[in-house]
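Whatever order the structure lists them in is the order used to number ligands and atoms, beginning at 1. Basis for what follows: all heavy atoms, side chains included, without hydrogens, waters or symmetry-related copies.
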Amino acid sequence: MLRRPVLVVNFGSQYVQLIARRVRELGVYSEIVHWDTPAEEIAKKDPFGVILSGGPASVYEASAPLPDPKIYDLGVPILGICYGLQVVTHQLGGRVERSSLQEFGRAKLKVLKKDRIFEGVPDEFEVWMSHADKVVELPPGFETLASSENSPHAVVASEDRRIYGFQFHPEVVHTSYGRELLANFLFRVCSAEKNWRMGDFLAEKMEEVKRTVGDAGVIAALSGGVDSTVASVLVHRAIGDRLHCFFVDHGLLRLGEREEVERNLRSLGLPLTVVDASELFLSRLRGVEDPEEKRRIVGNTFVEVLEREASRVGNARFLLQGTLYPDVVESAGVKGSAKIKTHHNVGGLPEKMKLRLLEPFRELFKDEVREIGRLLGIPEEILERHPFPGPGLAIRILGEVNREDLDLLRRADRIFIEELRREGLYPKVWQAFAVLLPIRSVGVMGDVRTYEKVVALRAVDSTDGMTADWSKLPHDFLDRVARRIVNEVRGVGRVVYDISSKPPSTIEWE
Ligand code: XMP
């Protein structure tokens, strides 16, 4: 079904997807579009409103990304956020300058003039700022509705043209009334309808899957993770046992993972084939140290194994993939930004087997997939699982992979995860795991000098894995985990905790 969206124009802010999600959380469908989308294309989507995102550029630079100026003539309400506000100011005849004071973090916003945008919010509240440039002169027809100490024009508007601008970020949790401000823009300025409910989406999607697939068969490669599990349950409800699910054990899984995933998937009624290909994967990885080479070997072998299994399925014409909206947005990119994440592509298989892709979650964010999972009755324990990379422990053993190290890493990782669950911390961190380092370190145990392996613990807070902060886990908790690992896992003599954030580090070590 076509829904009228609110369009979020992407100028490269790290918060673009967050803005789109906030709009959806308020019940209005949103889509992200590239900053150079022509005004005619924007008009064709018949949006309730347009939100111009933040971004790293400065409007007065020659290379600054600026939208098609005809968007201001469409009569569609516009909200500029941070860089978006500066874009509006610059394009409509005001002035933006580099400020001598950068403004990062919390600031107090003072409302100067009552307006529909402030309905239900107090006259003073905290907002989250993050900018170097500021508006020094408003465009004709605009007025200032609120200010902060360093930003005299923190909220500006041309009420008759229904164009608003915020210097701060209403989408982040640190802005106290951010949700209310966005809701006021959506419902009081844009008169948007609530057209985004997960129950409706689910019903429509099941119909669409039935229509698209007809009487063909669908192949699904499951990992036990949230996206592939929820996608498979949805498709299974739609087309029954014409869905064929495969779970490939590549020998790089965590302790007991194969049994756990198998139990989970069978309890959901999925028609499942478990393929043990660990010998094949491990033999091909022998002697390989380079991370990208390991990824390539695991990826190619996976496709080979799946192809062999899937070729036995009669009338298979589709490959189910759990592609999410962020992957779609990222693959479109903002000028040369990241390509699609490899783990969402079972690389090469669709072409080789002439399969069409079935991607029921292309429009969804991860939280929305979880909500669909709840509507389908999938247990919370499955929906809250941390992400796990396709190449598995192969990229968590730095250097060459062998059975002995796999065994050691599995036991250390199990202790970390077990303790996180015991403390109720597991659902609070976004991803957590242990890494085996390719070094030895000196220690003493009893009176004996030891020279043993080092395990690094990694836990991060994130929303989508694109950026991440290291989790500030309590010291006594880390202490307990480290003691248990050294005491219980023979061969490990030292445990370290990774305090790097992404960027500049990545979440995984390889
Ligand atoms: P990085 O290390 O890139 O990780 O910060 C971001 C997220 O992606 C996962 N990851 C992978 N997933 N194949 C996958 O399926 C891979 O090769 C791969 N590398 C990283 C990582 O676990 C984290 O969730």
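The Gly390 neighbourhood of ligand 1 comprises atoms 12 (N), 13 (N), 14 (C), 15 (O), with distances under 4.0 Å to a heavy atom of that residue. Within ligand 1, the atoms closer than 4.0 Å to a non-hydrogen atom of Lys502 are 1 (P), 3 (O), 5 (O), 6 (C), numbered from 1 in the order shown. Taking a cut-off of under 4.0 Å to the non-hydrogen atoms of Trp430, the atoms of ligand 1 that pass are 24 (O).
Heavy atoms from both the backbone and the side chain of Glu508 come within less than 4.0 Å of ligand 1.
In summary, the side chains of Asp36 and His34 do present a donor paired with an acceptor at a separation below 3.5 Å, with no hydrogens or angles considered. Donor-acceptor pairing under 3.5 Å is lacking for the side chains of Glu363 and Trp196. Residues Glu103 and His131 bring a donor and an acceptor atom of their side chains to less than 3.5 Å of each other. No hydrogens or angles considered: nothing links the side chains of Arg362 and Thr323 as a donor-acceptor pair under 3.5 Å.
For ligand 1, the polar-atom distance check finds an N/O of Ile507 within less than 3.5 Å of one of the ligand's N/O atoms.
Relative to the ring axis of Tyr15, Arg21 does not place its NZ or CZ within 45° and under 6.0 Å from the centre.
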